[in-house]
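Remember, predicted model here, so these are calculated numbers, not experimental data. Note on naming: letters A, B, ... go to the chains in the order of the sequence lines (proteins, then strands), and numbering restarts at 1 for each one. Side-chain atoms are counted along with the backbone in the values below, which use heavy atoms only and exclude waters and symmetry mates.
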Amino acid sequence: MSLTNKKVLLFSLSVLLPRKKFIFHYKNVRWARGRNETYLCFVVKRRVGPDSLTFDFGHLRNRNGCHVEMLFLRYLGALCPGLWGYGAAGERRLSYSITWFCSWSPCANCSIRLAQFLSQMPNLRLRIFVSRLYFCDMEDSRERDGLRMLKKAGVQITVMTYKDFFYCWQTFVARKQSNFKAWDELHQNSVRLARKLHRILQPFETEDLRDAFKLLGL
DNA sequence: ATTTTCAAT
């Protein structure tokens, strides 16, 4: 990809989110009716020396049936030059740290593909913050398995709290100097979802519970 | 009490 194309790409990723769009899609309400899109706000940090970092940021939305996580992987080469392959002679692979904030947690297939990808990228660290959990209500949902796979692949998955929404507002939203205003029940919803995620990521606990039920003949 | 979900009309 030429430098010009790269600049255009990065520019298009860096346009700020309209306030209403951010609030609607990131609202961590229990019944997220109409959120038929997923947004992904990202920060990419690149280690360029022992004490220096550069970073890029922007946001993406799913398009044309392509989930936003896979779209992000497509752009990764432009966002992270030198992440893979062997650039110029003697050049070491660069280390990157990516943090993204997604309105929905990843679906099962995206989790699997991300986990596979990351297993080949030891020089890439990924932290995922999510506003809401996607199809995680059923105890045996594939999405739950996917999240556990991601954790196993070294991804830190966290439910967004007030400070994360605040940070996103400051960083990714065309806020026109307005301050972030929390919606009703932001905190309660975040706590509820964090507990749920915690239970999901503790597979042994539920397996123990199943064993216990089996022992009790239930 | 119940409601939704990276759409499909």
- Atom-pair distance (CG on A:Leu147; C1' on B:dT5), nearest Å: 14 Å
- Message: Applying salt bridge (charged side-chain N to carboxylate O under 4.0 Å, His left out), can you list everything that pairs with A:Arg47, at least two apart in sequence or on another chain?
- Response: none
- For the side chain of A:Trp31 and the base of B:dT4, is some donor closer than 3.5 Å to an acceptor across the two? no
- Task: Sticking with atom C1', work out how far B:dA8 lies from B:dT4, rounded to a whole angstrom.
- Result: 16 Å
- Integer-rounded Å distance: B:dT5 C1' and A:Tyr39 OH: 16 Å
- Item | B:dT9 versus B:dT5 - spacing of their P atoms, nearest Å | 15 Å
- Under the salt bridge (charged side-chain N to carboxylate O under 4.0 Å, His left out) rule, collect the residues that match up with A:Lys21, sequence neighbours excluded. none
- With sequence neighbours left out, write down each residue that passes side chain to side chain contact (heavy atoms under 4.5 Å, CB included) with A:Lys152, or none if nothing qualifies. none
- Send over the distance from A:Tyr26 OH to B:dT4 C1', rounded to a whole Å. 18 Å
- Would you kindly give the CZ-to-P distance between A:Arg132 and B:dC6, to the nearest whole Å? 10 Å
- Mind checking side chain to side chain donor-acceptor pair (under 3.5 Å) for A:Tyr167 and listing every partner two or more places apart, or none if nothing turns up? none
- Task: Taking atom P in both B:dT3 and B:dA7, compute the distance separating them and give it to the nearest angstrom.
- Result: 23 Å
- Item | Between P of B:dT5 and CG of A:Asn189, the distance in whole Å | 16 Å
- Item | Distance in angstrom units between A:Arg63 CZ and B:dA7 C1', rounded | 15 Å
Do any side-chain atoms of residues 119-127 of chain A form donor-acceptor pairs under 3.5 angstrom with protein atoms, and if so which ones, sequence neighbours left out?
{"from": "A:Ser119", "atom 1": "OG", "to": "A:Gln116", "atom 2": "O", "distance (Å)": "2.5"}
{"from": "A:Asn123", "atom 1": "ND2", "to": "A:Leu83", "atom 2": "O", "distance (Å)": "2.8"}
{"from": "A:Asn123", "atom 1": "ND2", "to": "A:Leu94", "atom 2": "O", "distance (Å)": "2.9"}
{"from": "A:Arg127", "atom 1": "NE", "to": "A:Thr99", "atom 2": "OG1", "distance (Å)": "3.2"}
{"from": "A:Arg127", "atom 1": "NH2", "to": "A:Thr99", "atom 2": "OG1", "distance (Å)": "3.1"}

- Message: Using a 4.0 Å heavy-atom cut-off, does A:Ser141 contact any base of the nucleic acid, only the sugar-phosphate backbone, or nothing at all?
- Response: nothing
- Query: Rounded to the nearest Å, what distance is computed from the CZ atom of residue A:Phe135 to the C1' atom of nucleotide B:dT4?
  - Reply: 8 Å
- Scan residues 64-73 of chain A against DNA chain B and write down, sorted by residue number, each residue with any heavy atom closer than 4.0 Å; if none is found, say none. A:His67, A:Val68, A:Glu69
- Item | A:Ser178 and A:Arg19: side chain donor to acceptor below 3.5 Å | yes
- A:Phe165/A:Trp183 aromatic ring centres below 6.0 Å: yes
- Establish, with yes or no, whether the OP1 or OP2 oxygen of B:dC6 is under 4.0 angstrom from a side-chain nitrogen or oxygen of A:Tyr134. yes
- Item | Contact under 4.0 Å: A:Asn36 side-chain N or O vs B:dA8 OP1/OP2 | no
- Item | Spacing of A:Leu133 atom CG relative to B:dC6 atom C1', expressed in whole Å | 15 Å
